[in-house]
Amino acid sequence: ANSLNKQVSFIGRVQYNYASKYYLTVTNRYDGASNFAANKKWGYFPSSAIKWRIAEENFFKDMPLSKTILNDLSLRLSYGVSGNQGISNYQSLPTLSADVNGYVFGGIPHLGYRQGNITNNDLTWETSAQLNAGLDFQLFNGRIDVTTNYYNMHTKNLLLTVQTPTQTGYSSRLINVGKTTSSGFELGVRASVINKKNFGWTTSLNLSTNDQEVTDLGPLVMVALDNTGYGATTNYLQVGVPVGSNFGLEYAGVWHSQEEIDTELAKPLEERTYVSISNFYKPGKQKYYYYKRDGTLNIDDYHYLGTPNPSFFGGWGNTLRYKNISLDMFLQFQQGSTMWNTMQYFTGVGLYLTNQMSYMKDRWTEDNPTSDIPAVNSRDNIPSTYFLQNSSFLRLKSLTLNYDLSSAVFKASDRKLNIFLSGTNLFLLTSYNGYDPEVNSAGTSSTVRAKDNGAYPNSQTISIGANLNF
């Protein structure tokens, strides 16, 4: 059957400009989306923005600084509300799901139907209110442009899939619950460093920070966001930590000997340092730092390990020109993020019939008893810092060498001929042990942001070509 989705929007906008000094923009949106509950389909999202171009004020023009160094200056402020309706259709309705093996009559399975969703008559828009404040200025007669921005966003009524008691007959339900905050700074700089007849250099830099926190989850303590499919849930929402945070245990290496195991188990629970799953108290098997010391290892021991969000990220671009030759390059970077390399659940624990990471050659064996790399067949499905990697990186995103042959080939003509050699993803500097720290197996998920379950890496390309304009 076809899945139907309809959206309707009414938008009104007023803009005002007084003497090229004071600017005002007011926008009102009234949006409707069919995938919400019957009486919750509409949302009202107003916004407004003001700008003061200080450079047009007489007091600024009279400043000696304005004629030599600071040539333009503007201050801006905006506030607005936006909505998120990015959910599947019919999530508020008691849908029916087909089950081809649901019923057997006369020894023959027949098609059956069961209820797919629990009705949610309150399912509505997730809304975000954001404040922006910025300062823009220009230096040295336009040779340097600088844009700065501070933002602070508060989101409520998060659209989250949460677990439900199994006695309901359903494993999960989509509801509106929770609040988050997000704030940070953004900086953009563009400069013409050298601009001579035969040589030029322009550069641009953008740098951003982002600080997130879950501030409320209603009656919930933790919300599981994913499952690797291997029995391990790695990402949760919890008050006081960033959205989509990585949870698990701190890896403490492996048991090196039976004597070490016996000594640890002889201690009272409150004095133990390490713990394993019940059948992994064996030499060569993983051990973890004991978190709760209650005698068992379960999900209650999982705790915050790191954020998938970088503390800062950005890019740096440069264009160098010498006569008819130009070189364009762009570097991309991020710092302070972590990512799950979930392929290591197979490739980093000596699992049979599976290719292994190269470091597994140094795994624990009776001949190598001091190693902290698990022995063969040591998969225990515990998310830990053994699988959680630093995903900071510096990447040469693009590089293009261009040669303008127009003047040599088409003398006294407007025709253009350029030949170029171009490459993308040519260089990557990172400590991440997977293929690419920039991928995400969860796609565009707003909550699971950094997971590598064998995701295809960014392709490296090299191309050569020509542009001919008549």
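- The CG atom of N28 lies 10.5 Å from the CD1 atom of I11; values are rounded to the nearest 0.5 Å.
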### Task
Applying side chain to side chain contact (heavy atoms under 4.5 Å, CB included), run through V189 and I144 and close with a yes or a no.
CA-CA 7 Å; V189 180; I144 301 177; 4.3 Å; yes

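- The shortest non-hydrogen separation linking V162 to L220 is CG1-CD1, 3.8 Å.
- Between Y304 and F247, the ring planes are perpendicular. Angles over 60° get that label, and only those under 30° would be called parallel.
- The environment of Y113 atom OH is sparse: at most 12 non-hydrogen atoms of other residues, nucleotides or ligands sit within 6.0 angstrom.
- Checked by atom type, the side-chain pair T27/R13 shows a donor-acceptor distance below 3.5 Å.
- A distance-only check finds a donor-acceptor pair linking the side chain of S371 to the backbone of D362 [under 3.5 Å].
- Within the 3.5 Å criterion, the main-chain N or O of K179 finds no donor-acceptor partner in the side chain of K156.
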#### Entry: Check against side chain to side chain contact (heavy atoms under 4.5 Å, CB included), V439 and Y456
CA-CA 8 Å; V439 300; Y456 197 82; over 6 Å; no

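- For N39, the CG atom sits in a loose shell: 12 or fewer heavy atoms of surrounding residues, nucleotides or ligands are nearer than 6.0 Å.
- For K287 and W255, the positive end sits near the middle of the six-membered ring, less than 6.0 Å away and at most 45° from its axis.
- Note on D136 versus R76: salt bridge recorded, some NZ/NE/NH1/NH2 to OD/OE distance being below 4.0 Å.
- The cationic atom of R379 (NZ for Lys, CZ for Arg) does not lie both less than 6.0 Å from the six-membered ring centre of Y345 and within 45° of the ring axis.
- In this model, no donor atom of one side chain and acceptor atom of the other lie less than 3.5 Å apart for S82 and S128.
- Within 6.0 Å of OH in Y435 there are 12 or fewer heavy atoms belonging to other residues, nucleotides or ligands.
- Residue-environment remark: CG (N298) exceeds the threshold of 12 foreign heavy atoms within 6.0 Å.
- Judged purely by distance below 3.5 Å, without hydrogens or angles, the side chains of E186 and N149 pair a donor atom with an acceptor atom.
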### Message
With side chain to side chain contact (heavy atoms under 4.5 Å, CB included) as the criterion, how do F333 and F393 come out once you've worked through the C-alpha distance, each side chain's angles and the decisive distance to 0.1 Å?
### Response
CA-CA 6 Å; F333 57 85; F393 70 85; 5.6 Å; no

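- No side-chain N or O of N425 forms a donor-acceptor pair with one of Q460 less than 3.5 Å apart.
- To the nearest 0.5 Å, the span separating CE on M339 from OG1 on T234 amounts to 11.5 Å.
- When side chains are defined from C-beta on, N458 counts as touching K397, because their heavy atoms get closer than 4.5 Å.
- Judged by distance alone, the side chains of T400 and N402 never bring a donor and an acceptor atom under 3.5 Å apart.
- T209 places a side-chain N or O within donor-acceptor distance of the main-chain N or O of F185, the cut-off being under 3.5 Å.
- In terms of modelled atom types and a separation under 3.5 Å, the side chain of Q91 and the main chain of N120 share no donor-acceptor contact.
- No side-chain donor from either of N117 and Y170 sits under 3.5 Å from a side-chain acceptor of the other.
- The pair D301-K292 fails the salt-bridge criterion, with no side-chain N (NZ, NE, NH1 or NH2) lying under 4.0 Å from an Asp/Glu carboxylate O.
- Between E438 and Q332, some side-chain heavy-atom pair lies under the 4.5 Å cut-off.
- Taking each heavy atom of P308 and A450 in turn, the nearest pair found is CB-CB, 3.7 Å.
- Remark: W42 CH2 is packed, more than 12 non-hydrogen atoms of other residues, nucleotides or ligands lying under 6.0 Å away.
- Side chains of N210 and Q212: a donor on one and an acceptor on the other come within 3.5 Å.
- Partner of T319 under the side chain to side chain contact (heavy atoms under 4.5 Å, CB included) criterion, chosen from T203, L327, D328: D328.
- Within the 4.5 Å cutoff, side-chain heavy atoms of V243 are placed close to those of T447.
- In this structure, M329 CE and L396 CG are separated by 5.5 Å, a value rounded to the nearest 0.5 Å.
- Classification of the Y386-Y359 ring pair by plane angle, with boundaries at 30° and 60°, yields perpendicular.
- Looking only at side-chain heavy atoms (C-beta outward), T385 and L305 come within less than 4.5 Å of each other.
- Of the possible polar contacts, none joining the T354 side chain to the T347 backbone as a donor-acceptor pair under 3.5 Å is found.
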### Task
Carefully, step by step, assess S204 and F330 under the rule side chain to side chain contact (heavy atoms under 4.5 Å, CB included).
CA-CA 9 Å; S204 62; F330 183 73; 5.7 Å; no

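- Classified by interplanar angle (parallel below 30°, tilted 30° to 60°, perpendicular above 60°), the ring pair F45/W125 is perpendicular.
- For R293 against T273, the heavy-atom pair with the smallest separation is NH2-CA, 4.3 Å.
- A distance of 12.0 Å separates CD1 in I54 from NZ in K21, rounded to the nearest 0.5 Å.
- If you look at Y289 and Y274, their ring centroids are closer than 6.0 Å.
- Within a 6.0 Å radius of NZ in K282, other residues, nucleotides and ligands contribute 12 heavy atoms or fewer.
- The number of heavy atoms from other shown groups lying within 6.0 Å of CZ (F10) does not exceed 12.
- Here L421 contributes atom CG and S463 contributes atom OG; the two are 7.0 Å apart, rounded to the nearest 0.5 Å.
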